[in-house]
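Below is a structure I'd like to ask you about.
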There are 2 protein chains.
Amino acid sequence: MPKISDSTIRRLSMYYRSLSEFETKGYKTISSEHLAKTEKLTPAQVRKDLSFFGSFGTRGLGYKTRELKERIGKILGLDHIWNVALIGLGNVGSALVSYKEFQKQGFLIKLLFDNDQRKINKKHKGILVSDVKDLVEKLKNNKIEIVIIAVPTQAAQEVADLVVSAGVKTILNFAPTRIKVPQDVVVRFVNMAMELEHLSFCLSNQDFSVAT
Amino acid sequence: MPKISDSTIRRLSMYYRSLSEFETKGYKTISSEHLAKTEKLTPAQVRKDLSFFGSFGTRGLGYKTRELKERIGKILGLDHIWNVALIGLGNVGSALVSYKEFQKQGFLIKLLFDNDQRKINKKHKGILVSDVKDLVEKLKNNKIEIVIIAVPTQAAQEVADLVVSAGVKTILNFAPTRIKVPQDVVVRFVNMAMELEHLSFCLSNQDFSVAT
DNA sequence: GTTTATTTGTGAATAATTTCACAATCAATC
DNA sequence: GATTGATTGTGAAATTATTCACAAATAAAC
Ligand SMILES: NC(=O)c1ccc[n+]([C@@H]2O[C@H](COP(=O)([O-])OP(=O)(O)OC[C@H]3O[C@@H](n4cnc5c(N)ncnc54)[C@H](O)[C@@H]3O)[C@@H](O)[C@H]2O)c1
Ligand SMILES: NC(=O)c1ccc[n+]([C@@H]2O[C@H](COP(=O)([O-])OP(=O)(O)OC[C@H]3O[C@@H](n4cnc5c(N)ncnc54)[C@H](O)[C@@H]3O)[C@@H](O)[C@H]2O)c1
């Protein structure tokens with residue numbers, strides 16, 4: 001079985017987003033060249049990425065926009081509803097709960113957890129906030145598949161341990177620390193400081209030609 | 001002049017964060033092996049990354065924790081204060097302004113902009129919110145070097161165009177769209193949907209062995 | 001229905017990145 | 001101050017990712 005690289009998965013997300021835009025704009029078909037240009041890639045890259053999963057195009061014509069979008073959506077698992085829980089209803093957590101787009105994409109935030117008594121048992125955007133001490137039980141009972149961790153850095157590892165013990169296999173971590181998990185658990189992280197540091201690197205090292 | 005890859009810059013950020021932790025824990029020195037293990041890399045990778053910028057270690061001993069941290073900090077431009085402006089004081093924008101860590105790292109949010117009259121001319125966390133129509137002028141006058149865009153997707157490009165016209169060379173974009181900028185402007189983006197999609201890909205394609 | 005113009009899908013070639021492997025170097029020990 | 005043990009720094013090798021280049025396939029034109 002082929003190994004799909006991180007970069008390819010990342011690009012599939014980009015194609016998906018571009019295709020959504022093209023669909024909205026009324027493009028019925030799109031070529032690898034056109035798709036490549038909007039994402040600053042080469043047409044060969046686009047075709048190679050897609051070729052790992054099958055052949056979706058028509059020679060001489062390109063790809064049918066809607067169809068390719070749906071195919072990629074399927075590859076990315078966006079043809080599902082995923083049950084998501086969010087832990088840590090602070091600044092970041094609240095922003096995420098308010099964000100409607102995730103739900104539209106099939107990421108359904110079903111459970112919220114915090115350890116602050118002032119937040120527990122109150123509703124937040126229509127969802128009851130649970131005590132983090134009931135975490136494992138509720139993750140299991142609600143068949144949660146993805147957990148978003150948005151607690152302070154020091155609490156991230158202990159929370160992650162609970163999440164893992166509940167059998168959850170995928171975690172999105174906003175705390176700027178690498179959490180340790182077993183091999184079969186996938187952790188992705190969003191690290192905004194890292195992106196800012198990338199920018200300050202570029203500002204500080206204009207003599208190095210930085211790849212973009 | 002050597003070209004430094006995105007991956008190397010990303011890892012430098014990771015090393016920096018690890019080194020800060022090791023410093024706090026009281027480690028005076030650290031080997032490439034130890035540093036590699038905490039970030040799930042190889043020692044050779046760590047040494048190669050550093051070698052682009054000089055030789056900072058002592059053979060037989062390793063690296064002095066504090067010294068290496070400061071060296072990497074310097075490479076990343078964290079020995080500066082950077083003047084930052086944030087546009088779009090919604091859910092994401094507010095979370096970012098509240099976050100003290102950025103300032104500690106030298107990213108100083110000096111200006112806030114919005115186009116909502118209810119937010120303009122009010123203070124938010126001690127910073128006056130300006131009207132986005134004064135954007136270009138104020139970015140110039142305050143020598144802003146980094147702009148964070150946290151406006152709705154449809155507004156991202158027009159805002160970016162203003163930012164570019166003010167001469168700002170680095171942008172951190174939270175809107176899930178690729179904004180077009182001249183060659184000499186660096187845009188990094190934080191795309192949370194992309195990370196969620198990566199997770200749902202992993203859940204949907206456990207037959208592909210995904211690189212982590 | 002034949003020709004022409006496109007554009008895909010993919011093996012081969014190239015480029016980039018990572019890992020290997022080891023000489024060079026230094027700290028610590030005796 | 002020689003010896004031992006550890007760890008760096010770095011060319012070379014191996015691996016991985018990207019791009020090239022072209023046959024195959026199809027739509028559109030005539
Ligand atoms: N705010 C930002 O812009 C920003 C930027 C980058 C990274 N981050 C990171 O994101 C994470 C969240 O940041 P934030 O600004 O929302 O913090 P916050 O303090 O506003 O919110 C954290 C929330 O987690 C809850 N919490 C604390 N310990 C808990 C536990 N053990 N179990 C359950 N809930 C717990 C708190 O009650 C609070 O509601 C942090 O790790 C932070 O470093 C935030
Ligand atoms: N909230 C999230 O969790 C989340 C997650 C992923 C991505 N995003 C993206 O981040 C961006 C911000 O999201 P949000 O949830 O904070 O949105 P929001 O609607 O809460 O905030 C947007 C802010 O931008 C202001 N604004 C609108 N047009 C403007 C303009 N032309 N100039 C200046 N200000 C303007 C609005 O007044 C508002 O204050 C969006 O692009 C969104 O897609 C948000």
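Below, chains carry the letters A, B, ... as their sequence lines are ordered, and counting in each starts from 1.
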base_contact_polar (C/dT8 base, A/R59 side chain, donor-acceptor, <3.5 Å): yes

Pair A/E23 + A/K69, salt bridge at N-O below 4.0 Å: yes

Rounded distance in Å - NZ (B/K64) to P (D/dT7): 16 Å

Separation of D/dT7 P from B/L35 CG (nearest whole Å): 13 Å

B/Y99 and B/F102 aromatic ring geometry - parallel, tilted or perpendicular at 30°/60° bounds: perpendicular

Phosphate-side-chain proximity, B/R47 and D/dT8, N/O vs OP1/OP2 below 4.0 Å: yes

Rounded distance (Å) that lies between atom C1' of C/dG9 and atom CZ of A/R71: 14 Å

Under-4.0 Å side-chain N/O to phosphate OP1/OP2 contact, A/Y63 with C/dG9: yes

Separation of C/dT18 P from B/E39 CD (nearest whole Å): 14 Å

Spacing between B/D49 atom CG and D/dT10 atom C1', to the nearest angstrom: 13 Å

Any side-chain donor near an acceptor of the partner, A/E145 and A/T170, under 3.5 Å: no

Position toward the 5' end of DNA chain D (nearest nucleotide), A/R11 or A/L61: A/R11

Distance below 4.0 Å between B/S32 side-chain N/O and D/dT8 OP1 or OP2: yes

Point-to-point distance, once rounded to the nearest 0.5 Å, from CG of A/D79 to CZ of A/R71: 12.0 Å

OP1 or OP2 of C/dC26 under 4.0 Å from side-chain N/O of B/T58: no

A/Q45 CD - C/dA13 P separation (whole Å): 19 Å

B/T42 side-chain N/O to B/Q45 backbone N/O, donor-acceptor pair under 3.5 Å: yes

Rounded distance in Å - CD1 (B/I9) to P (C/dT17): 11 Å

Short side-chain N/O contact from B/T42 to OP1 or OP2 of C/dT19, under 4.0 Å: yes

